[in-house]
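See below for the structure under consideration.
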Amino acid sequence: MSLSESTEFPEFPAGFFFGAATASYQIEGAYDEDGRGPSIWDTFCRRPGRVADGATGDVACDHYHRYREDIALLRELGVDSYRFSVAWPRVQPAGSGPANAAGLDFYDRLVDELLASGISPAATLYHWDLPQALEERGGWRVRETAERFAEYAGVVAARLGDRVDRWITLNEPFCSAFVGYAAGAHAPGAREGRGALAAAHHLLVGHGLAVHALRAAGAREVGITLNPDRLLPATDSPADLAAVRRVGTLHNDVWFEPLFAGRYPEHEAETWGELLPSGDGSYRLDGDLDLIGAPLDFVGINYYRPITVADAPYRDADPATRTAVDVRAEETWRDDVRHTTMGWPVVPHTFTDLLLDLAERYPALPPLLITENGSAEADTVDADGRVRDVERIDYLRSHLDALAAALRAGVDVRGYYVWSLLDNFEWARGYGQRFGIVRVDYDTQVRTPKDSYRWYQRLIAAHRARTTPGEDPR
């Protein structure tokens, strides 16, 4: 029996749920329809050389028009929940002011279709598509954007809160702040030091304000999605171990410490030095930590691969021009294992290690959801029309094994969303990377479930039969 036909699956406890995830700019298309305003990604994609092959999300998977077809795929897959994101510029084209009725209507229809299919909606409010108008007023560098984000959260919750049980404020603020405002590899494409650190703080402030807005609107489950990294020292030398500490501050502690320990990172001065004005940050106000640390019902974890870290000199010796990701460290991938087409190493046990470490470091951590996990692979369509993506199935099986091991060790994880339902626009990589368990032909928009879709479908069915015989837990 081939791996794709296997009937042996990792086992999870009763009540554990399975889902699939997507993001608005990556799949919706319809970038200028029904009153939607431009986002920073619309702008970024139009800058020469920023996105592979000059790709844009203008059409993407045309989900805006094909959402019923995509929900039918979710229904056939048998998922308990679907994690989607709301496009802020579709709801508030300029990032503030009255809601765009047509934009909210789309998400209204999407949620109703999900519920009619027995699928629980999980809405992410921010998956990186900031309205361009707000970026022109400073973007996440300024506190106003955090305040506008809370207003937007209240608008969406007022419309959908009676039917959406699970709300995620931000997706991977690390990417928004540091990949977008420091590395320049994502929208808005800035390469800054203090500006990126201010963006990181204001994203957390926006989260805290949005939590209050969602609670006021009656939201039942509220959380945030983070992408903590498992960091491996290149050697056991003191220099490399210190580099891991600095990179850990950049990738992990800047989020987890304010959210779940009520403090700013212990090693931030060592990590950023002169980039922290007056030793902390002039953008920090009294009461911000209380605001950021508002109680949550869950925290989402996105995980794909570990990073190997070695000590290195500054890339830019001048603090006036140094970026916030220049922390005297080199980040690389280990080369003794298989890599996905993203170049990421496949090391499943690091998933277990990360979850155990988080549970140990943060005793007050709320229950976890795995809100993204998956792999980009070199999919091919065989002569019979089938996509035999054995590598992706192996990745999913091994990482679900690793997740099950974390649960057996006592980590409180309640559910898992595969990334992604569909092949889609992979940000600066354009359309060259395919993460979907459903193949999308971007010329015809034809959807073809891959072997990984069928494998995941059988896993879900086996879990349901084992834990709730004769019942549908949805």
Side-chain angles (χ1 to χ4, degrees), residues 23 25-26 38-57 88-89 95 126-142 145 170-204 206 226-227 229 246-247 249-252 254-255 268 271-277 281 283 302 304-305 307 309 312-333 342-344 425-433:
Y25 191 76
Q26 293 184 270
S39 77
I40 56 174
W41 272 95
D42 295 301
T43 301
F44 187 75
C45 288
R46 284 161 174 76
R47 293 177 180 164
R50 293 302 188 112
V51 177
D53 302 319
T56 74
W88 190 350
Y126 187 70
H127 202 128
W128 309 351
D129 42 1
L130 182 72
Q132 178 62 31
L134 289 182
E135 177 59 28
E136 291 169 3
R137 298 207 295 271
W140 288 108
R141 306 173 193 83
V142 301
T145 298
L170 306 174
N171 178 78
E172 298 186 1
F174 169 83
C175 293
S176 298
F178 295 122
V179 184
Y181 285 93
H186 279 186
R191 295 180 54 80
E192 300 176 12
R194 293 179 180 177
L197 292 175
H201 183 72
H202 291 136
L203 280 155
L204 287 173
L226 305 172
N227 58 323
D229 280 303
R246 293 190 297 274
V247 173
T249 300
L250 167 67
H251 285 253
N252 301 342
V254 70
W255 316 110
E268 62 178 11
T271 303
W272 288 300
E274 303 95 323
L275 297 185
L276 288 170
Y283 39 79
N302 293 354
Y304 293 94
R305 75 290 178 270
I307 297 174
V309 177
Y314 281 126
R315 295 187 291 275
D316 185 346
D318 185 353
T321 54
R322 185 185 307 146
T323 73
V325 291
D326 189 354
V327 295
R328 291 177 289 139
E330 180 183 19
E331 300 180 18
T332 60
W333 314 122
M342 291 286 287
W344 295 345
F425 176 79
E426 186 48 43
W427 307 110
R429 304 272 192 135
Y431 293 96
Q433 300 293 326

Hey, is the main chain of [Y] close enough, under 3.5 Å, to the side chain of [X] for a donor-acceptor pair?
X: R322; Y: A317; value: yes
X: W272; Y: A324; value: yes
X: R315; Y: V325; value: yes
X: D53; Y: G430; value: no
X: R191; Y: A183; value: yes
X: Y314; Y: A329; value: no
X: E331; Y: V309; value: no

How are the rings of [X] and [Y] set relative to one another: parallel (under 30°), tilted (30 to 60°) or perpendicular (over 60°)?
X: Y304; Y: W344; result: tilted
X: Y283; Y: H202; result: perpendicular
X: H186; Y: W128; result: tilted
X: W427; Y: Y25; result: parallel

Are the side chains of [Y] and [X] in contact, using a 4.5 Å heavy-atom criterion?
X: N171; Y: N302; result: yes
X: D229; Y: R305; result: yes
X: V179; Y: E172; result: no
X: L130; Y: W41; result: no
X: P188; Y: Y181; result: yes

Could you grab the distance from atom [atom1] of [X] to atom [atom2] of [Y], nearest 0.5 Å is fine?
X: T323; Y: L275; atom1: OG1; atom2: CG; value: 8.0 Å
X: D129; Y: I40; atom1: CG; atom2: CD1; value: 8.0 Å
X: E274; Y: D318; atom1: CD; atom2: CG; value: 9.5 Å
X: M342; Y: E426; atom1: CE; atom2: CD; value: 5.0 Å
X: F174; Y: L250; atom1: CZ; atom2: CG; value: 5.0 Å
X: L203; Y: W140; atom1: CG; atom2: CH2; value: 5.0 Å

Minimum heavy-atom distance [X]-[Y], with the two atoms named:
X: P38; Y: P89; value: O-CB, 4.1 Å
X: W255; Y: A177; value: CH2-CB, 4.0 Å
X: C45; Y: F425; value: SG-CZ, 3.6 Å
X: L204; Y: V254; value: CD1-O, 3.5 Å

Working note: V51 + T56, criterion side chain to side chain contact (heavy atoms under 4.5 Å, CB included); need CA distance, chi angles, decisive distance, verdict. CA-CA 8 Å; V51 177; T56 74; over 6 Å; no
Let me see the working for S176 and L170 under side chain to side chain contact (heavy atoms under 4.5 Å, CB included), right down to the final yes or no. CA-CA 9 Å; S176 298; L170 306 174; over 6 Å; no
Short N-O contact, R141 and E135, less than 4.0 angstrom: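 A salt bridge links R141 with E135.
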Between the side chains of D42 and Q132, is a donor N or O closer than 3.5 angstrom to an acceptor N or O? no
